Amino acid sequence: MDKNLILRLFGGALYGFLVIMCTTPLGSEWINSISPDLVKQQNLYYGLITFFIFVGAWECIRLMKFDPKSWEKWLVFPLIILVFYWFSKRYFQHGFYFNFNLSEILALSLIAIAVITLFRFSKELYYDNGKLIFTVIYTALPFSFALGLPKFSMVDQTFTLEVFFLFVLIWSSDSFAFFTGKFFGKHKMAPKISPKKTWEGFAGGVFFTLILGYFIEANYPDLRGNFIIVGFLVSVFAPLGDLVESQLKRTFGVKDSGNIIPGHGGILDRLDSFIICAPVVYLYFILEKLF
């Protein structure tokens, strides 16, 4: 068997195991079976998101090639810590979903502005102050919003599965889009950014992810929102997330964001879809609650 294939299978299995253990109650149940009451599931999930944020930010700093002498590079982590601390307080105090305030509207708008800047005004990112702002927005905000997706209770030790199924839907969208595009793809979606993406693959990803969303909704009705709608949002925005990261790497002439996951590249390579989908789904949950 090809060594690269073995490496990819190992890396994918390790990554999948980590996600499952940290986004479902299986992680705390497994650890607590060894040593009772050692860890709570919400802490495992928080640790996972913390890991994603800081490794992702480090990869973004390297990818965007800050000037070694720039002072902006040294502000990235202090600003990320400040942003993540604010969201972390809300996470542990169950402060998400009580209101939709101006700071959330601003934060979600900044993500959209960063994406538009990358595609339409990429020259702004050649300056270190632009790199600083983009790195903080692209890494800190999406993962911080992801903290608001699941519900948990310290009283009855429950932890809901919204994030786990979000990952499942993203994996479904990516996989079905790939296979549909491979066998039926003829019309390129964005040939200059991602030559392998086709509109046929996109359609296949939407169709099969909607079906999966239907089965999740039918079998897990207690989840937030309607997962048929979540499936549609994921199938539309997951390819956008991939295109955003592809455009970022293309802008700075980089093949992979890192090599932390054997055979798969870096955190940003694996979580490009999640980075866009998490705030979109968060916004949907907020709007669904309001209306």
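Residues: numbered from 1 along the sequence shown. Just so it is clear, the structure is predicted and the values come from calculations on it, not from any experiment.
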Enclosure of Y46 OH (heavy-atom neighbours >12, cutoff 6.0 Å): yes

Residue pair F207 / T180, side-chain heavy-atom distance below 4.5 Å: no

N/O donor-acceptor pair under 3.5 Å between K65 side chain and F252 backbone: yes

Test item: Q42 side-chain N/O and F92 main-chain N/O as donor-acceptor pair under 3.5 Å: no

Hydrophobic cluster identity match, L125 and I116, side-chain contacts under 4.5 Å: no

Geometric class of the Y15/W171 ring pair [parallel <30°, tilted 30-60°, perpendicular >60°]: perpendicular

Parallel, tilted or perpendicular: ring planes of F87 versus F145, cut at 30 and 60 degrees: perpendicular

Stepwise side chain to side chain donor-acceptor pair (under 3.5 Å) check, E104 with Y282: CA-CA 10 Å; E104 287 184 333; Y282 176 87; 2.3 Å; yes

Note, W71 side chain near N129 side chain (heavy atom, < 4.5 Å): no

Proximity of F159 and Y45 rings by center, below 6.0 Å: yes

T209 side chain to V206 backbone, donor-acceptor under 3.5 Å: no

S88 side chain to F84 backbone, donor-acceptor under 3.5 Å: yes

Shared hydrophobic cluster for Y85 and L141 (ILVMFWY, side-chain gaps under 4.5 Å): no

Donor-acceptor pair, side chain of T23 and main chain of V19, under 3.5 angstrom: yes

Heavy-atom donor-acceptor pair, R224 side chain to E162 backbone, under 3.5 Å: no

Atom pair CZ (F285) and NZ (K151), whose distance is rounded to the nearest 0.5 Å: 9.5 Å

Y284 (side chain) donor-acceptor with N226 (main chain) under 3.5 angstrom: yes

Other residues, nucleotides, ligands: >12 heavy atoms within 6.0 Å of D37 CG: no

Transitive ILVMFWY side-chain link I211 to L233, under 4.5 Å: yes

Q41 side chain to C22 backbone, donor-acceptor under 3.5 Å: yes

Donor-acceptor contact below 3.5 Å, side chain D242 vs main chain D272: no

Result of checking E59, E245, K255 against D269 for side-chain contact (heavy atoms from CB on, under 4.5 Å): E245

Nearest heavy-atom neighbours spanning A238 and S273: O-OG, 3.0 Å

Heavy-atom check, side chain of K40 versus side chain of F152, under 4.5 Å: no

